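Fair warning: this is a prediction, and the values are worked out from it, not measured in the lab.
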Amino acid sequence: MAGVAIQWKHIERWSICPYVTKALSSTSVSSSYSSTSATTITTTAFLHALSSPFLTLISTSMATHNHLNHTLNGEHWDSTTPITKKPKLSSPFPTSIITRSQIQFEFSHHDLSVARINNGSFGSCPQSVLSAQQHWQIQFLRQPDHFYFNQLKPGILHSRSILKSLINADHVDEVSLVDNATTAAAIVLQKSAWSFSEGRFSKGDVAVMLHYAYGAVKKSVEAYITRAGGHIIEVQLPFPVKSNEEIITEFRKALDKGKENGKKVRLAVIDHVTSMPSVLIPVKELVKLCREEGVDQIFVDAAHGIGCVDVDMKEIGADFYTSNLHKWFFSPPSVAFLYSRKSKDKGNDDLHHPVVSHEYGNGLAVESAWIGTRDYSAQLVVPSVFEFINRFPGGIEGIKKKNHESVVEMGKMLVKAWGTHLGCPPEMCGSMIMVGLPVALGISSDSDALKLRTHLRNSFGVEVPIYFRPPKDGEIDPITGYARISHQVYNKVEDYHKFRDAINKIVSDGITCACLPN
């Protein structure tokens, strides 16, 4: 067997990522390897290389590569090819259930000295998906014209088709891929601004949004709606929050206020999971309320949606829904989907990407698939992400359940240690939860919150966002500081113990935020 020669070009074809190459380069015969087709290695050397730790992920990479070669070659796919097979949301009996050591390897590029309990801000991408992304990037650089004409559009269509099934949309044309949820918000708000400027909406008509809406989205509402003549009403939500009914009541008040003096509520912007403070919003109930009250258009900003909470377009019933894929769906940054419900009056069809390029007028999904020369690889790796997710028992549903249970458990552990409380009931969070911090820290401003966050990062190796809650009139020794902790598959109990011990050390040393440098 040792005399059998294997050509290097065959190994190259098997490997979409560096695992096999890296394993081979560490063997004693690595000096004889090259990318020429004439170069060969012995079977013995090849098998020796495959005995390395990189073997654990080669099968997954090979499966991904074979899948890409089979379905994304431009001859099998075009813009009208129907997707007849719905991808499984989870795999009860995965071919290879991922082990803890494999999870650690997938995220070994993380800084291991840091307790990273802030998945919510930037997400996380496993090594196997990064390798698949690199494959797509090389495909483009290798022969850009072939990539553009034969691979890009069918590859993005494939990603959109998987997402269409995952979110239970009716048609693939309802799903577009964009850079992030902020881009999606700009697309929807641009449409509403045109309605004001073109006279379909009257000056002074209303857009309703949550007071805790994401800062960039609030700025976008100001830039598009306010400038076009719309009036903005922010829903004031309590925090800490005790029940969904509190949110629904305040939202109803805002809708009633918006209809005063004969005005109409033209747009409702509803977060699925607010960013800071983080709370799971009862979107289905709020969408239903908006329908009953005659709101023209409903946009759900779910930057933390897919992979974190249940996402079903038919159950939610909004006109527009966006979610990042790079936060809780393991995609590389940055990519998001925008769902636009098809309607009989074609009202939702007048959506356009704010970057106008050659595909303008061919529908948002097609426009978004080409906005000029750039890196589209994050949009193309959705199939690889899907394969990674289904290595976990229960697939995405299993991951969500485990993350929710774990973040609640860690949150309860922390508030017990500090004598504080959670920012909401466990059923009102997904994979993030707000944890009250000790009053002794003296958090009295947004600046204090940022100083504490920086101190935790620089002095203790803990990465976690801190939220300042202004005290209410008459409150005695209120909790004014909350940490938003996240849980993702790579996190360990020790990460949260490290955070607990860091806060305990700061308090025991008598350090307050007033003592910390700006």
Side-chain angles (χ1 to χ4, degrees), residues 100-101 103-124 239-240 275-279 328 402-426 429-469 477-518:
R100 188 68 205 177
S101 62
I103 293 173
Q104 290 174 346
F105 181 82
E106 287 278 13
F107 297 98
S108 59
H109 50 283
H110 287 187
D111 186 342
L112 300 181
S113 68
V114 175
R116 182 170 167 166
I117 52 178
N118 181 31
N119 191 83
S121 285
F122 298 104
S124 51
F239 184 80
S275 177
M276 285 289 269
S278 180
V279 176
W328 295 98
K402 174 63 175 176
N403 282 338
H404 170 73
E405 292 172 349
S406 296
V407 82
V408 169
E409 180 184 358
M410 294 300 97
K412 289 181 176 179
M413 179 272 294
L414 291 172
V415 297
K416 182 178 179 181
W418 298 330
T420 59
H421 56 250
L422 299 174
C424 66
C429 78
S431 302
M432 302 183 291
I433 198 166
M434 303 300 292
V435 177
L437 293 167
V439 174
L441 291 170
I443 302 172
S444 59
S445 65
D446 290 330
S447 176
D448 284 347
L450 182 58
K451 288 195 295 182
L452 178 60
R453 177 177 183 175
T454 302
H455 184 58
L456 286 167
R457 179 191 306 124
N458 294 341
S459 300
F460 295 94
V462 174
E463 190 61 65
V464 63
I466 308 296
Y467 172 71
F468 166 63
R469 170 195 172 269
D477 292 329
I479 295 175
T480 57
Y482 289 80
R484 187 192 74 185
I485 64 169
S486 301
H487 190 280
Q488 188 50 288
V489 297
Y490 57 80
N491 282 121
K492 306 179 295 295
V493 173
E494 291 77 15
D495 295 332
Y496 306 90
H497 289 171
K498 187 175 184 179
F499 178 37
R500 177 199 62 195
D501 296 344
I503 292 295
N504 288 343
K505 172 68 172 171
I506 294 171
V507 172
S508 66
D509 288 348
I511 297 174
T512 67
C513 288
C515 305
L516 299 176
N518 290 316

Problem - Ion pair Lys505/Asp509, N-O distance below 4.0 Å - result: yes
Handout entry: Side-chain (Asp495) to main-chain (Lys492) donor-acceptor, under 3.5 angstrom
Key = yes
Practice task
Assert yes or no for the condition that the ring centre distance of Trp418 to Tyr482 is strictly below 6.0 Å.
Solution key: no
Handout entry: Donor-acceptor contact present, side-chain Ser459 to main-chain Leu456, <3.5 Å
Key = no
Exercise for the section: May I ask you to check whether Phe239 and Tyr467 place their ring centres under 6.0 Å from each other? Expected result: yes
Handout entry: Test side-chain contact (heavy atoms from CB on, under 4.5 Å) applied to Phe468 and Leu450, step by step
Key = CA-CA 9 Å; Phe468 166 63; Leu450 182 58; over 6 Å; no
Handout entry: Closest non-hydrogen atom pair between Arg453 and Val464, with its separation
Key = CG-O, 3.3 Å
Completion exercise
For Val435 and Leu414, the nearest pair of non-hydrogen atoms, with its separation, is CG1-CB, 3.8 Å
Handout entry: Candidate pair Glu463 and Arg116, rule salt bridge (Lys or Arg N to Asp or Glu O under 4.0 Å), full reasoning
Key = CA-CA 5 Å; Glu463 190 61 65; Arg116 182 170 167 166; over 6 Å; no
Practice task
Examine the side chains of Asn118 and Ser486 and answer whether a donor and an acceptor come within less than 3.5 Å of each other.
Solution key: no
Practice task
Kindly compute the distance separating CZ (Arg500) from NE2 (His497), expressed to the nearest 0.5 Å.
Solution key: 4.5 Å
Exercise for the section: Keeping the roles fixed (side chain from His404, backbone from Cys429), state whether a donor-acceptor pair exists under 3.5 Å. Expected result: yes
Practice task
Answer yes or no: are there more than 12 heavy-atom neighbours, outside Lys498 itself, under 6.0 Å from its atom NZ?
Solution key: yes
Problem - Point-to-point distance, once rounded to the nearest 0.5 Å, from CE of Met410 to CZ of Phe499 - result: 13.0 Å
Exercise for the section: With the side chain counted from C-beta on, respond yes when Pro426 and Glu405 share a heavy-atom pair under 4.5 Å apart, and no when they do not. Expected result: no
Problem - With sequence neighbours excluded, residues passing side chain to side chain contact (heavy atoms under 4.5 Å, CB included) with Phe122 - result: none
Practice task
Working to the nearest 0.5 Å, report the span between CD1 of Ile485 and OG of Ser431.
Solution key: 11.0 Å
Problem - Side-chain heavy atoms of Met434 within contact of Pro240, under 4.5 Å - result: no
Handout entry: Where Gln488 and Trp328 come nearest, the two heavy atoms and their spacing
Key = NE2-CE3, 3.4 Å
Practice task
Look at the side chain of Lys451 and the backbone N and O of Cys513, then say whether any donor-acceptor pair between them is shorter than 3.5 Å.
Solution key: yes
Exercise for the section: Please report the closest heavy-atom contact between Gly436 and Thr420, naming both atoms and the distance. Expected result: O-OG1, 2.6 Å
Handout entry: Gln104/Arg100 under side-chain contact (heavy atoms from CB on, under 4.5 Å): CA gap, chis, key distance, verdict
Key = CA-CA 6 Å; Gln104 290 174 346; Arg100 188 68 205 177; 4.2 Å; yes
Practice task
Show the numbers, then the answer: is there a side-chain contact (heavy atoms from CB on, under 4.5 Å) between His421 and Ile479?
Solution key: CA-CA 9 Å; His421 56 250; Ile479 295 175; 3.3 Å; yes
Only distances under 3.5 Å count here; give the side-chain donor-acceptor pairs of residues 439-446 to other protein atoms, sequence neighbours excluded, each with its distance to 0.1 Å.
| from | atom 1 | to | atom 2 | distance (Å) |
| --- | --- | --- | --- | --- |
| Ser444 | OG | Asp448 | OD2 | 2.7 |
| Ser445 | OG | Ser447 | N | 3.4 |
| Ser445 | OG | Asp448 | N | 3.1 |

Handout entry: Closest heavy-atom pair and its distance - Gly120, Arg484
Key = C-NH2, 3.6 Å
Handout entry: Test log, rule side-chain contact (heavy atoms from CB on, under 4.5 Å), inputs Lys402 and Val489
Key = CA-CA 8 Å; Lys402 174 63 175 176; Val489 297; over 6 Å; no
Problem - Closest non-hydrogen atom pair, Ile433 against Gly411 - result: CG2-CA, 4.4 Å
Exercise for the section: Supply the atom-to-atom distance Leu452 CG to Ile511 CD1, rounded to the nearest 0.5 angstrom. Expected result: 10.5 Å
